[in-house]
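A quick write-up on the structure given underneath.
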Amino acid sequence: MAAVATCGTGAGSTGSVVAAGSKNHVTSFQRRGPRASGSDSSYSRLVSIAGTRPSVRNGQLLVSTGLPALDQLLGGGLAVGTVLLIEEDKYNIYSSLLFKYFLAEGIINGHTLLVASAKEDPADILQELPAPLLDDNFKKDFDEEACNHKTAESNIKMKIAWRYQLLPKMEAGPVSSSRFGHYYDASKKMPQELIEASKWHGFFFPEKSSSTLNIEPCSLTHGYIKLLQFIQNIIYEEGFDGSNPQKKQKNILRIGIQNLGSPLWGDDICCTENGNSHSLTKFLYVLRGLLRTSLSACMITMPTHLIQNKAIISRVTNLSDTVVGLESFIGSERETNPLYKDYHGLIHIRQIPRLNNLIYDVSDVKDLAFKLKRKLFTIEKTDLGYSGI
Amino acid sequence: VTKGKLTLLCDANTDGSFLVHHFLSFYLKANCKVCFVALIQSFSHYNIVGQKLGVSLTVARECGQLVFLEGLKSSVDVFFRAQAEPHPLQFLREANAENLQPLYEFVREALKPVDDGEAAWRCPVLLVDDLSVLLSLGMGAVAVLDFIHYCRATVCWERKGNIVALVHDSGDTEDEENNILLNGLSHQSHLILRAEGLATGFCRDVHGQLRILWRTPSQPTTQRDQSLTYQYKIQDKSVSFFAKGMSPAVL
């Protein structure tokens, strides 16, 4: 099964990734790197960036989303230089959790983080990140649960056991792990020393909104212009775009933007149908340009269920690379549907990019549900396609 | 290579970018001079796919056969730094850009005939991927239609070249501007290639359906337009076509 295969290669040390990488290096080394405008000599360094691996399909450099199950559905992970758009579930519960997994994965891998929000202070968001699952902690909990749930079905036990086999031997200290993709315990917080050891930049819109603009007003809202300038500044100053030969960046910039499009950013597309119809799409276009020319990967959560003008949603989808929609069962009629009783919601893979390729990795499975149980977020195939809903 | 034609590529419920890659490699191999306005992906993306299809964009660009406007990269330059000279994408900086004249000037300049006796290319070709993005960037459908009209006058009539452009069909998402653009271009096109997702949903062996429609826009439609429909499956280095229901997976 694909999941086991990818976990297998990830469980090996970075050494094995490098070996695979150097084999590709000779034949089609252009695929190695992202579309950074840096010279070819930077490509050989890219292979050894922590927390990345080349796609088995086309050698594209990938990072983990923080949720190995989601990585598998996306063809191995999130490609460096691209945008992952998460369509928020109705109360922003699970999308906010995915956002945190993404950032937590960045901390574990030693990536630089850029956290942007109009609602919460990024420093607070970082405090709320889930703790990574370590071998001995998990074993202890597993033993406890085994006692408490003595009538657990054998499938569940096997599922847990299967994951247990693949957990890494992780150091507890602030050292980046050699594994690709980690599991997180949603009930525990990330250790303070790991957060403090990480490098991050926060953009909290209410704090930045008062400063003046030095760009002509185009049709972008104030908040989006400021955010773009902030992102561009970090990319340039810290050398993620390879433009400065002095700053040889060997790291990935993980950009996380929360609730983009919501009124808190100053955009009115969630309030009215005739709102500013170009601000968000223009933002996404320039952001895409920034990402394609730097060593970064971006996750955006967006309350698309609130956007009044449906045309904007389809344009936003076209301007994003990977699009995943979350639909939670809370408050919907599906909550009481016996078919769905084990799950918390559905996950829809709406779009997967074809990068450097005519084809892409498309999972055959189309009906996917997720649940957050016993601290783990799991995604499973369901046979609910013909339930008539 | 026919001349003076406007070909419209359109995708509905699926990704029609394989058509763009096809036409790019087709015209480069046919020794035409190509101006590619690539708004939605990076140069290296097209280059890598191009290599699978047998062309090198790097070589074509270096020897002057290909003029490549890399929209994403240029947009970053234009947006963050004021430009001294007019830039084809300068509408990104403007609050209410009226038209796409700078972009048209860029195309006209790129495809102007060279008369210093060097190896003449065959007809000039303008390729755009894709026009729907221009709507997302704040241009109205009318401005985009005007842009194509001007390009058509120069490229198709004056210089006997071709234009190939991709527009997304947004289906039932009520994107009026996009519908205006799509309908307007459909009426002007000589050839429409429409890639559609299958009505029955995702299928591993048949990725979609391609409808080909030949039109004669200058004549009244007393003659019936010819059309053909194929189903296709996209592979790593090519696309295979077959008649409806005749997928090798089914037979």
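So that the names make sense, note that chain A is the first sequence line, chain B the second, and so on, each numbered from 1.
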Problem - Distance-only polar pair, side chains of B:Asp130 and B:His168, donor-acceptor under 3.5 Å - result: yes

Handout entry: B:Ser136 versus chain A, the contacting section by heavy-atom distance below 4.5 Å
Key = both

Problem - Heavy-atom pair count under 4.5 Å with chain A, highest-scoring of B:Leu135, B:Asp172, B:Asn178, B:Val239 - result: B:Leu135

Practice task
Ignoring hydrogens and angles, state whether a donor on the side chain of A:Glu238 or A:His201 is under 3.5 Å from an acceptor on the partner side chain.
Solution key: yes

Exercise for the section: Check each atom of B:Glu176 against the heavy atoms of chain A and say whether the ones under 4.5 Å are side chain, backbone, both or neither. Expected result: neither

Exercise for the section: Report yes or no: does B:Gln65 contribute a side-chain atom to a donor-acceptor pair with the main-chain N or O of B:Leu28 at less than 3.5 Å? Expected result: yes

Handout entry: Portion of B:Ser238 that has a non-hydrogen atom of chain A nearer than 4.5 angstrom
Key = backbone

Practice task
Go through the atoms of B:Val133 and report whether side chain, backbone, both or neither lie under 4.5 Å from a heavy atom of chain A.
Solution key: side chain

Handout entry: B:Tyr46 portion near chain A, given a 4.5 angstrom heavy-atom threshold
Key = neither

Fill in the blank from the handout: B:Phe43 meets the ring pair (Phe, Tyr, Trp, His ring centres under 6.0 Å) criterion, sequence neighbours left out, with B:Phe68

Handout entry: chain A contact via B:Leu53 - which portion, at a heavy-atom distance below 4.5 Å
Key = side chain

Handout entry: When B:Ser132, B:Ser17, B:Gly71 are compared by non-hydrogen pairs under 4.5 Å with chain A, the top option
Key = B:Gly71

Fill in the blank from the handout: Hits for side chain to side chain contact (heavy atoms under 4.5 Å, CB included) against A:Val286, two or more places apart or cross-chain, chain-then-number order -> A:Leu228, B:Phe79, B:Phe80

Handout entry: No-hydrogen, no-angle side-chain donor-acceptor test under 3.5 Å, B:Thr58 and B:Asn47
Key = yes

